[in-house]
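Each remark here refers to the structure printed beneath this line.
What's counted below: heavy atoms across the whole structure, side chains too, no hydrogens, waters or symmetry copies. A, B, ... follow the sequence lines: proteins, then strands. Residue 1 opens every chain.
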Protein chains: 2
Amino acid sequence: MPRAVTRSRPTGLTIGKLSQETGVNIETIRYYERIGLMPAPPRSQGRQRLYEDLHRRRLAFIRRSRALGFSLNDTRDLLGLARGHDLTCAEVKALTEQHIADIRGKIRDLRRLDRVLSELAGQCRGSTVPDCPILDALGKGSEAARNARLP
Amino acid sequence: MPRAVTRSRPTGLTIGKLSQETGVNIETIRYYERIGLMPAPPRSQGRQRLYEDLHRRRLAFIRRSRALGFSLNDTRDLLGLARGHDLTCAEVKALTEQHIADIRGKIRDLRRLDRVLSELAGQCRGSTVPDCPILDALGKGSEAARNARLP
DNA sequence: CTTGAACCTGTAGGAGCTACAGGAATTAGT
DNA sequence: ACTAATTCCTGTAGCTCCTACAGGTTCAAG
């Protein structure tokens, strides 16, 4: 089945409506325009932005890309805005796989932190005596502290 | 056993030496001083900072706290610099447990991203044909994209 | 005494927004 | 038709946690 041509009725959304419909903050929409992620929309006579379906679809794309953790620069690439050409499917896949690798790296780091911190918290009675195993671990070059790495 | 009193011989480290010893960037050390995490050290006649053991221990504490993912503000609290009093052991434990909860939340989010992205990447043949499942998922309000949440 | 390395201050940038301030435009209510 | 409330506009500054200059001073070695 060929891709349906979405014919856009002239919606003329104000920025507030677009914000409501997409769940993207007004200031964020203007920010995306400033950095060239969103195209500058036509304006009303009083200089207010009036968005069309085109913009709504673009913004929804950006929002989903961000929701999947892609950076704004990645998103720019995915939109085909970088260097003026669309990515091939292979390039998109490569970008995604790199992103997955980054995510897995972060998960590993966070799990290590979780282990170390849980261990420390478990040693802590939480009393009011001055001696605290957590502060001790931070203050001395303890085994526990050395098992963690900078993020 | 009572806490040993660490008697500091007057080391007089320059900032470069302190940086080397602790693995903390020179600019970062000065930054910590600016924001009040590190105390201002005495200076040489030519206004150069000269650090003592006190400072080295403080900086090592900060570095370990950061390595465990505590924010600078948390670190300030852990150092007993906030509101002018030390945290009790119970407060330290509470802070740590909140931090652990945050970390687990992040892990959950990242694992969801991993699942969704891996699924998408798996559907992608990586060919050069224009139709890409990943871009489709971003472009349309797909199931996959809805399963992810903003970070 | 002259290099060259290390230090100094102050400022700007980066990621990705968010939050104003101070003003203009639109809309709703009367 | 008039006013009041709401929305919108631009521009700038703030957030976190550093990092990277620029343009100058001081120190240590030769």
Polar atom pairs between nucleotides 3-7 of chain D and protein, under 3.5 Å, N or O only, would you list them?
none

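Residues satisfying the side chain to side chain donor-acceptor pair (under 3.5 Å) criterion with D114(B), sequence neighbours excluded, are R104(A), S118(B). For R49(A), the salt bridge (Lys or Arg N to Asp or Glu O under 4.0 Å) partners at least two apart in sequence or on another chain are E33(A). R30(A) is linked by a salt bridge (Lys or Arg N to Asp or Glu O under 4.0 Å) to E27(A), counting only residues two or more places apart in sequence or in another chain.
Mapping T28(B) and N73(B) onto DNA chain D by nearest heavy atom places N73(B) closer to the 5' end of the strand. In terms of position on DNA chain D, the residue among Q45(B) and S71(B) whose nearest nucleotide sits closer to the 5' end is S71(B). Take the nearest nucleotide of DNA chain C for F70(A) and for R47(A): the residue whose nucleotide is more 5' is F70(A).
Between R108(A) and R111(A) the shortest side-chain heavy-atom distance does not fall below 4.5 Å.
Residues from residues 30-43 of chain B with heavy atoms under 4.0 angstrom of DNA chain D, sorted by number: Y31(B), Y32(B).
For the helix from dC1(C)-dG30(D) to dT30(C)-dA1(D), the end axes, each set by the C1' atoms of five terminal pairs, are bent relative to each other by 10° (nearest 10°).
If you check dT26(C), dG16(C), dT18(C) against the side chain of E27(A), the one that comes closest is dT18(C).
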Practice problem: Would you sort out whether L68(A) and L120(B) count as a side chain to side chain contact (heavy atoms under 4.5 Å, CB included), showing the intermediate values? | Solution: CA-CA 11 Å; L68(A) 288 173; L120(B) 285 176; 4.3 Å; yes
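We find that CG of L13(A) is positioned 15 Å from C1' of dC8(D), with the value rounded to whole Å.
Note on R76(A): every side-chain N or O is 4.0 Å or more away from OP1 and OP2 of dA15(C).
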